Amino acid sequence: MASAIIKASQDVIRGKGMEPHMAEQQYFPGLEGIIAGETSISTIEGGLQYRGYRIEELARDASFTEVAYLLLHGQLPSQEQFADFKAILIESSEVPEPILEFVREIPLHAPPMDVLRTGVSALAHFDPQCDDDSTDSNIARAMRLIAQIPVLIAARYRYIHAEPYVEPSSTLRFPANILSMIRGTEIDALDEEAMDVSLILYAEHEFNASTFAARVVTSTQSDFYSAICAAIGALKGPLHGGANEHVMEVLEEVGSPENAESWVRTALAKKQRIMGFGHRVYRDGDPRAEILKTYCRQLADKAGNEELEQIADTIEKVVLDEKGLRPNLDWPSARLYHYLGLDVELYTPLFVASRVTGWAAHIIEQAENNRLIRPRSRYIGPVTLPFTPLSDRG
Ligand code: CMC
């Protein structure tokens with residue numbers, strides 16, 4: 001039954017067996033509920049799974065680096081494959097000096113997501129085979145980006161905060177390395193684990209807006225970097241990845257547990273969207289949010305600061321009561337990054353540091369089995385207007 005519906009919807013999209021005007025009548029704002037392609041990278045049916053592995057198990061037992069391998073190669077690595085993969089990531093982490101210089105010289109007011117997009121775009125010029133879209137080349141450049149994006153984020157951040165550059169480490173694990181390049185401090189085990197889990201949870205989420213943007217660009221046979229830059233642009237928006245930064249602004253504005261209930265009721269009465277709540281494809285709650293919340297509690301406990309958790313609990317309860325909406329991943333992520341001592345401007349770039357793995361897997365999948373993504377629109381403008389030559393228009 002489901003496959004018949006999918007087939008019918010594909011036929012409608014291709015206008016097969018129908019008059020053009022019939023195809024035009026099928027319209028789903030925001031493509032809601034539309035199957036826009038096939039993937040074997042992840043599914044949300046029956047719980048979120050990457051390549052067939054449940055997210056709960058990956059978050060508990062795997063590392064982000066292992067998940068990156070899984071997403072790129074389609075299977076879990078053997079110990080030897082994993083050792084090679086980690087070694088290549090370490091070797092690839094050196095960002096060409098001219099790019100580091102360039103990224104530092106961008107005007108200080110530029111938003112970090114824009115700087116990151118520019119940095120990734122500039123990296124394309126250092127890839128002599130930029131237009132080679134073979135799977136091996138795409139995996140190699142994906143690994144370079146996985147290794148270099150954290151360096152770009154941290155180098156720019158420390159430069160604008162007048163802190164000395166911290167080189168990537170060849171001994172730290174991936175999540176500790178990111179934190180140490182940004183903070184310039186040693187990283188304890190709980191901070192490292194919390195960061196690792198957040199990177200795992202952010203890594204992949206089937207046809208979300210940024211991934212879809214990357215697939216659209218790839219479908220035109222454009223290059224890998226152009227697709228990633230499009231994805232970064234899409235992720236920046238507050239309805240997508242940009243939400244995690246806005247969540248923190250809300251929590252800061254609320255300020256105290258006593259203020260939380262009245263703040264959220266007033267905001268909802270004014271029809272304000274509460275960032276970090278609701279989801280296009282999870283109507284009963286985002287399973288990733290529950291996993292990350294447990295780390296928020298542990299980190300709040302370690303810091304001896306429960307206030308933010310109390311504010312969050314109150315807002316969650318009121319939004320559920322009033323709107324029936326549950327938190328998405330960006331809701332606990334904001335608190336988690338705050339407890340990890342990270343500034344708000346880093347939150348969405350850190351989402352990129354993780355999601356680049358999923359984007360890369362989708363670019364590879366799209367390129368391997370490509371069909372140009374080119375939907376139709378329903379025209380709602382005027383037709384057959386009488387044309388008046390410019391000379392007669394006064
Ligand atoms: N706060 C208040 N009301 C909301 C919210 C929210 N966060 N989300 C949805 N609604 C309401 C919306 O106003 C509408 O109400 P009504 O029917 O009375 O007009 C109803 O719920 C349906 O909203 P919608 O915009 O049609 O639903 P959607 O499926 O397009 O929305 C969403 C999905 C994520 C854009 C939306 O829930 C939202 O804007 N959330 C806040 C931004 C956010 O947290 N984004 C992160 C998304 S998940 C992780 C990621 O991709 O980064």
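Numbering starts at 1 and runs along the sequence shown. In what follows, every heavy atom counts, from backbone to side chain, and hydrogens, waters and symmetry copies are set aside. Please read all numbers here as calculations on a predicted model, not as lab measurements. Note that ligands are numbered from 1 as they come in the structure, with each ligand's atoms numbered from 1 the same way.
- Numbered from 1 in the order shown, with element, the atoms of ligand 1 that lie under 4.0 Å from a heavy atom of M275 read 42 (C), 44 (O).
- Of all atoms in ligand 1, numbered sequentially from 1 with element shown, those under 4.0 Å from a heavy atom of G241 are 52 (O).
- The shortest separation from a heavy atom of L329 to ligand 1 is not under 4.0 Å, leaving the residue out of contact.
- Contact detail for I178 and M195: the closest heavy-atom pair is CG2-CE, 4.4 Å.
- Ligand-side atoms of ligand 1 in range of G278: 34 (C), 37 (O), range being under 4.0 angstrom from any heavy atom.
- Where the criterion is an N or O separation shorter than 3.5 Å, residue side chain and backbone included, R288 fails it with respect to ligand 1.
- A heavy-atom separation below 4.0 Å is found between R283 and ligand 1.
- Between I274 and ligand 1, a contact under 3.5 Å exists for at least one N or O pair.
- Between Q272 and ligand 1 there is a heavy-atom distance shorter than 4.0 Å.
- Close approach of ligand 1 to G276 is summarised as follows: ligand atoms under 4.0 Å from at least one heavy atom of the residue are 43 (C), 44 (O).
- Only backbone heavy atoms of P238 (N, CA, C or O) come within less than 4.0 Å of ligand 1; its side chain stays farther off.
- The distance criterion of under 3.5 Å between nitrogen or oxygen atoms is met by L239 with respect to ligand 1.
- Contacts between N328 and ligand 1, counted as non-hydrogen atom pairs separated by less than 4.0 Å, involve the side chain only.
- Between F351 and ligand 1, no N or O atom pair is found at a separation short of 3.5 Å.
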